[in-house]
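So the structure is just underneath, and the comments pick up after that.
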Amino acid sequence: MSVNLLKNDELEQLKDYCLKHYGLNYEVWAEVSAIKTKDAIWLVNHQAEAFLCHEGVNEEYESIGLRCFSGVCFPYKITDGFVKIFDNEIKKKKLNLKESQARAMLKGESIPYEEVVGHDGYNLLFIGNTYLGIGLKKGDQLISQIPKALRSQLAKDLEIRNE
Amino acid sequence: MNRNHNMMNAEQIFHNLFTERYRDLIPDFDQFLVSLNKPQPIGLRLNTRFNDKEEFIKRFKLSSSEIIIPISEINYLEVPSENNWGGALEHHLGHYYIQALSSLIPVLSLNLGSENDRVLDMCAAPGGKTTHLAELMNDKGVLVANEPSLGRRRILKASLSRMGVSNCLVTMKEGQNLDFPKESFTHILLDGPCSSEGTLRAPTLRPNKKKDKNYLNYNKEFRKGLHHIQSELLEKAYSLLRPGGELVYSTCTYDPYENEKQVDLLLKKHSDLSLVELNLSSPSPWDSFLCDGVTEYRGEHYSSELTKTKRVYPHQLNSIGFYVSKFVKK
Ligand SMILES: C[S@@+](CC[C@H](N)C(=O)[O-])C[C@H]1O[C@@H](n2cnc3c(N)ncnc32)[C@H](O)[C@@H]1O
């Protein structure tokens, strides 16, 4: 894949977006470089970025650090990678779901949005302290973004634990 | 009746093959054969980024009898095999990696942890060792994970993302054709393709598993092909390693032609390479579970240095069979 560093203005826009929507302070970006490919933004540490741009230039890469946004411009769609890399630094758009809501999300069902307090766009779904995945608020629905391949398996797991 | 008969037959062939090859090589060989009739335990390497061991034990209500493993200071648990560990929420969230205990040894043998580490995992999928490397690197430095198989690379990438690894670059080549400049890496792990004998347990424990059938079909030509790839990979690893750097070569097979012989050949070719002890920790709790590499097999003699390399057998450490060697480059 072709690899480009995010330009300064693009990076500033991304940082502003993340501050506004996820409460992510500017300082947390100091540790990472943002790399743009055709359809995603990846975050990787500075050593890996330097390696990529100097010693590793002759190789082709299929993935670079964590894929944190799918799409390369506004509106940014966060991924699990984003949640993993910034973890506790994320302060906003964290929805704590009830058991039944979590199960619905894990089954890939949408839930009426008024049932949960949250915001437009991509939200982080939690049950207790456990992060489940991402949900998109669209219209009056919260739509599960948990990958299809995982949903039924995970729903089953949640059921077994609650037996 | 017919199926039972076939199974008995498969079991007999399986045992005969091991006996023919390794009766004189593996210590307490009868015990070894007995161990192949026991199921392999399920183990989890916990991702320290997301949880600690005590908490995990509480969350899964594991009793202490279920978590007895010989090496207590590593973040590893043996767990009941009835649970669907691969389907659990925490698995998806990257809280653990399902991994055989012995396959931790190659990674633990490397001295990692500096920001300047440039680490290459030459044959990386499905990613057990890559994700372990990343963890020991604290996501600092650079980790390149290479894997030529598309299907296996998918699993590797899923593992990296599940475990939250942020310092890794994934490449797609046959390891011997990697295009990095010479001496690009401070550490190289070559956990290469091998005949995988160490992962085999008796056919009755793994009915219908393709692998066992394959094993019974492993012929000389197949093994020769492997030896060739292994030596090309080792040669490439040597050229990509920086002076002062560390190279770990490991396999999950008992075959000395894939293990000691390969190591011996590489040593003979490069006088600036030497073998060192794995140096897992000192005093190493692993010692009593490891056997020295062999210096002789079927009339061939290898350097006495080969005793620094280590073999893992399932009757000594209840896990998969492994071979691990560690070189440093002057
Ligand atoms: C024993 S497995 C590696 C296991 C991995 N290190 C782990 O811990 O998860 C060997 C891998 O080598 C790959 N392989 C086969 N031929 C190769 C080659 N020429 N160069 C690099 N990798 C190769 C296989 O596809 C396979 O994924």
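Residue numbering restarts at 1 for every chain, and letters A, B, ... go by the order of the sequence lines.
- Other residues, nucleotides and ligands contribute only 12 or fewer heavy atoms inside 6.0 Å of the CD atom of A:Glu31.
- Other residues, nucleotides and ligands contribute over 12 non-hydrogen atoms within 6.0 Å of the CG atom of A:Asp9.
- The two residues B:Gly87 and A:Asp157 make their nearest non-hydrogen contact at O-CB, 3.7 Å.
- Around the NZ atom of A:Lys7, the shell of radius 6.0 Å holds no more than 12 heavy atoms that belong to other residues, nucleotides or ligands.
- The shortest heavy-atom contact between B:Asp139 and A:Asn45 is O-ND2, 3.0 Å.
- Residues of residues 111-120 of chain B that come closer than 4.5 Å to chain A, counting heavy atoms only, are B:Glu115, B:Arg118, ordered by residue number.
- With A:Glu59 as the partner, the side chain to side chain contact (heavy atoms under 4.5 Å, CB included) test is satisfied by one option alone out of B:Asp179, B:Asn146, B:Val144: B:Asp179.
- Contact between B:Leu93 and A:Thr130 at its shortest, heavy atoms only, is CD1-CG2, 3.4 Å.
- Annotation: the span from B:Leu89 atom CG to A:Ile127 atom CD1 amounts to 8.5 Å, rounded to 0.5 Å.
- In terms of non-hydrogen atom pairs under 4.5 Å with chain A, the most contact-rich of B:Asn84, B:Asn167, B:Thr171, B:Val170 is B:Val170.
- Within 6.0 Å of NZ in B:Lys330 there are more than 12 heavy atoms belonging to other residues, nucleotides or ligands.
- Neither the backbone nor the side chain of B:Leu143 has a heavy atom closer than 4.5 Å to any heavy atom of chain A.
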Derivation of the side-chain contact (heavy atoms from CB on, under 4.5 Å) call for B:Phe180 and A:Glu55: CA-CA 7 Å; B:Phe180 296 106; A:Glu55 290 145 274; 5.9 Å; no

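- For a residue to count as touching a neighbouring chain, one of its non-hydrogen atoms must lie under 4.5 Å from one of that chain's; by this rule A:Phe51 touches chain B with the side chain only.
- A:His46 NE2: more than 12 foreign heavy atoms inside a 6.0 Å radius.
- The greatest number of non-hydrogen atom pairs below 4.5 Å with chain A, out of B:Glu90, B:Met163, B:Lys140, B:His91, is found for B:Glu90.
- Near-neighbour residues of residues 73-89 of chain A relative to chain B, defined by a heavy atom under 4.5 Å from a heavy atom of that chain, comprise A:Asp80, A:Lys84, A:Ile85.
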